[in-house]
Amino acid sequence: MTEPATVKAALTSQSIETPSWAYGNSGTRFKVFARPGVPRIPQEKLDDAAKVHEFTGAAPTVALHIPWDTVDDYAALAAHARDRGLTLGTVNANTFQDDDFRLGSVCHPDPAVRRKALDHLLACVDIMDATGSRDLKLWFADGTNYPGQDDVRERQDRLAEALAAVYERLGDDQRMLLEYKLFEPAFYTTDVPDWGTAYAHCLKLGPRAQVVVDTGHHAPGTNIEFIVATLLREGRLGAFDFNSRFYADDDLMVGAADPFQLFRIMYEVVRGGGLTADVAFMLDQCHNIEEKIPAIIRSVMNVQEATAKALLVDRDALATAQRTGDVLEANAVLMDAYNTDVRPLLAEVREEQGLDGDPMAAYRRSGWATKTAEERIGGQQAGWGA
């Protein structure tokens, strides 16, 4: 059984990155629902992110999305973050919201369009240099809708060429994180549809190219924890995009749809040394009908709870049951940990850090929602679509 002090130490050191875009307005394909107090500029997103970190003690970094978070002075933006106890984390590129990318970006048949996409990716590395960010995250909406629309093999060649150019541009302490997605928006072929494709490209590039596992980007029934275990074993799991889905890529709060799956994933992370390896734990969510900051706080807490339960698995007892073929006992060991109420333990961890044991209640008492609703009047709220 893992000693409580060891569990507490692991939980205290855990860091979960929050996404800048989750603080803005978002919605379904039919409507984006605005809320009072939503940030209008990247600096205000960081102000909100600082509140999440203030009450959880576990969210010290914020991911940027370019061009959604474009500013004139990225060094000044990084300083703004530092003044609020934060650092700027992953830089997310966007090659899916330009009309030129209708048939793809780095995989587009037109070399001029491919060059435009590559220039954006390289500009994102420039931003990383200015902000001190370590990771560049790449997700491509590239693919085809119809058989024969484009040459599938050539598209992989184009993708490899672009990735190689970006990899060459990275600094020695920077990484490329390649994300995959089963489908959407392409319906016939997707150019990076699964972890195997992402892994194959990363393997060819070098050790600073790593795979991102987005928990919402898989077919129903996919054993995500197997993918996590395999990538950890190969030293190629660079990051998570944590969220939940009921049907497709819903980007709902992590742990909302299947908290047991999140626990199983976090057990493989613990088992594979992912808590102490260079794995970035990030949220990739948008909050359409719920309050944004409380939803992000709850998401951080959900990851913490799943991690705590994973740390409580009696690995000696589990190994014994596995070696002796005691199927029911092995399953029971996992279920005992999952069914443990770890909320009192996490409250204790927070209080030992000088935080309130209940982050949600602490945020409600802070009056931040009322303050921002009164102060953030006028201007254009951050978000996308209408």
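- No side-chain donor-acceptor contact under 3.5 Å links Q149 and R155.
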Atom pairs and distances, side-chain donor-acceptor, residues 218-229, under 3.5 Å, sequence neighbours left out:
unit_1, atom_1, unit_2, atom_2, d
H218, ND1, D214, O, 3.2
H218, NE2, Y180, OH, 2.7
T222, OG1, A219, N, 3.4
T222, OG1, A219, O, 2.7
N223, OD1, E225, N, 3.4
N223, OD1, F226, N, 2.9
E225, OE2, R264, NE, 2.6

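- The heavy-atom pair separating S244 from A256 by the smallest distance is OG-N, 3.1 Å.
- With values rounded to the nearest 0.5 angstrom, R364 atom CZ is found 10.0 Å from T370 atom OG1.
- For the residue pair L136 and C124, the shortest heavy atom distance occurs at CD1-CB, 3.7 Å.
- The side chain to side chain donor-acceptor pair (under 3.5 Å) contacts involving residues 113-125 comprise D98-K116, D100-K116, R115-D119, where partners must be two or more places apart or lie in separate chains.
- Residue pairs meeting the ring-ring contact (aromatic ring centres under 6.0 Å, His included) criterion with at least one member in residues 272-310, sequence neighbours excluded, are F240-F281.
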Side-chain donor/acceptor pairs under 3.5 Å, residues 327-339, sequence neighbours excluded:
unit_1, atom_1, unit_2, atom_2, d
N339, ND2, M335, O, 3.0

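- Heavy-atom neighbours of R169 CZ from other residues, nucleotides or ligands within 6.0 Å: above the threshold of 12.
- No side-chain donor from either of N302 and E305 sits under 3.5 Å from a side-chain acceptor of the other.
- Classified by interplanar angle (parallel below 30°, tilted 30° to 60°, perpendicular above 60°), the ring pair F187/F183 is tilted.
- Here the closest heavy-atom approach between residue R376 and residue E44 is recorded as NH2-O, 3.4 Å.
- Grouped by direct or indirect side-chain proximity (heavy atoms under 4.5 Å, Ile/Leu/Val/Met/Phe/Trp/Tyr only), L252 sits with F246, Y247.
- Among residues at least two apart or in separate chains, ring-ring contact (aromatic ring centres under 6.0 Å, His included) pairs with a member in residues 72-107 are F96-W139.
- No donor-acceptor contact under 3.5 angstrom links the side chains of T230 and Y199, judged on distance only.
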